[in-house]
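Written out below as structure tokens is the structure these notes cover.
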Amino acid sequence: MWSLWTSRNNFVFQNVSENHTSVLERARVMLLTRKKTYVATPTTPTALSHKWMPTLFGWIKCNTDGAFDNISGDNGAGYKMRDFSSKASFCDAMVFDVSSAEEAEARVIRGVLKKAVEQKMTHIIMESDAKKLVEQFSSSFFDGDPRTDAIFKDIKLFSSKLSACIFSFKPKICNSVAHKLDQWAKRKKTSMY
């Protein structure tokens, strides 16, 4: 219901028209990211929100992760794009000149959105374990420090060029491939495509 209301408000107050698939996908993301209820049993099942789930037909889901070591300055970032059939279309491991984990996360998200625009993708779900960034981008509050401000502006620009772009928080367990890619890049200090 909230997704329908949001769509209605976007149309009435911002003149933004969404198609039915983006409304349904937002509702699905809301359901999957709800707080789970804990049941006190020794065989508590894994919550649905802690598993990678394929997306709807026509959408691309991209899992991203960035890492930064405060002591050594080593960093890495990785992403993997998959379609509704779980088929990978792109993946990458990268290193950057960054000064924080947030900056590494933001740079990989910018890289993915740039790739999506270049490849003429239209509907993308960005999944990240960087909760603060996901909340900022989901609410269109793109405010960074001096090092991330330009990156955030690029993210806003690239996401606006897509028909639909949803930012979704997922715990690291749902981003295991992206996490392994960022750790590889951090360890090897090199990028791989």
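From a predicted model like this one, the values you see are computed outputs, not experimental measurements.
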Item to check | From C165 atom SG to M121 atom CE, the distance as rounded to the nearest 0.5 Å | outcome: 12.0 Å
Item to check | All side-chain contact (heavy atoms from CB on, under 4.5 Å) counterparts of A101, not counting sequence neighbours | outcome: F68
Item to check | Reported NZ-to-OG1 distance for the pair K80 and T64, which is rounded to 0.5 angstrom | outcome: 14.0 Å
Next on the checklist: In the structure I gave you, are the side-chain heavy atoms of I155 and L133 within less than 4.5 Å of one another anywhere?
Outcome noted: no
Checklist entry - Can you list the residues that meet the side-chain contact (heavy atoms from CB on, under 4.5 Å) rule with V117, with sequence neighbours excluded? => result F158, K161, L162
Next on the checklist: Looking at E135, is its backbone amide N or carbonyl O close enough to the side chain of S138 to form a donor-acceptor pair, meaning the two atoms are under 3.5 Å apart?
Outcome noted: no
Item to check | Distance (rounded to the nearest 0.5 Å) between I166 CD1 and I124 CD1 | outcome: 10.5 Å
Checklist entry - Taking only residues two or more places apart in sequence, or in another chain, which ones meet S72 in a side chain to side chain donor-acceptor pair (under 3.5 Å)? => result D74
Item to check | Value rounded to 0.5 Å, distance of NZ in K61 from CD1 in I125 | outcome: 5.5 Å
Checklist entry - Atom CG of D154 and atom OG1 of T148: how far apart are they, to the nearest 0.5 Å? => result 11.5 Å
Checklist entry - After noting the C-alpha distance and the side-chain angles of M126 and V134, does the key distance pass the side-chain contact (heavy atoms from CB on, under 4.5 Å) rule? => result CA-CA 9 Å; M126 299 293 304; V134 168; over 6 Å; no
Item to check | ring pair (Phe, Tyr, Trp, His ring centres under 6.0 Å) partners of F96, counting only residues at least two apart | outcome: none
Item to check | Contacts of K156 that satisfy salt bridge (charged side-chain N to carboxylate O under 4.0 Å, His left out) - sequence neighbours left out | outcome: none
Checklist outcome for this item: Residues at least two apart in sequence or cross-chain that pass salt bridge (charged side-chain N to carboxylate O under 4.0 Å, His left out) with K114, listed by chain then number, are E118
Checklist entry - Looking only at heavy atoms, which two atoms of A104 and G76 are closest? And how far apart? => result CB-O, 4.4 Å
Item to check | Stepwise side-chain contact (heavy atoms from CB on, under 4.5 Å) check, V108 with D65 | outcome: CA-CA 7 Å; V108 71; D65 197 20; over 6 Å; no
Checklist entry - Under the side chain to side chain donor-acceptor pair (under 3.5 Å) test, which residues partner S159, sequence neighbours left out? => result none
Checklist entry - Under the side-chain contact (heavy atoms from CB on, under 4.5 Å) test, which residues partner S99, sequence neighbours left out? => result E103, R147
Checklist entry - Heavy atoms, side chains only, cut-off 4.5 Å: are I60 and R82 in contact? => result no
Item to check | Members sharing F84's hydrophobic cluster (side chains within less than 4.5 Å) | outcome: F57
Checklist entry - Shortest non-hydrogen contact from S128 to E105? => result OG-OE1, 3.3 Å
Checklist entry - For S17, what residues pass the side-chain contact (heavy atoms from CB on, under 4.5 Å) criterion, not counting sequence neighbours? => result F11
Item to check | K120: partners by salt bridge (charged side-chain N to carboxylate O under 4.0 Å, His left out), with sequence neighbours left out | outcome: none
Item to check | Listed once per pair and sorted, the ring pair (Phe, Tyr, Trp, His ring centres under 6.0 Å) pairs that draw on residues 101-138, sequence neighbours left out | outcome: W59-H123, F137-F142, F137-F152, F137-F167
Item to check | From CD (E127) to SG (C62), nearest 0.5 Å | outcome: 9.0 Å
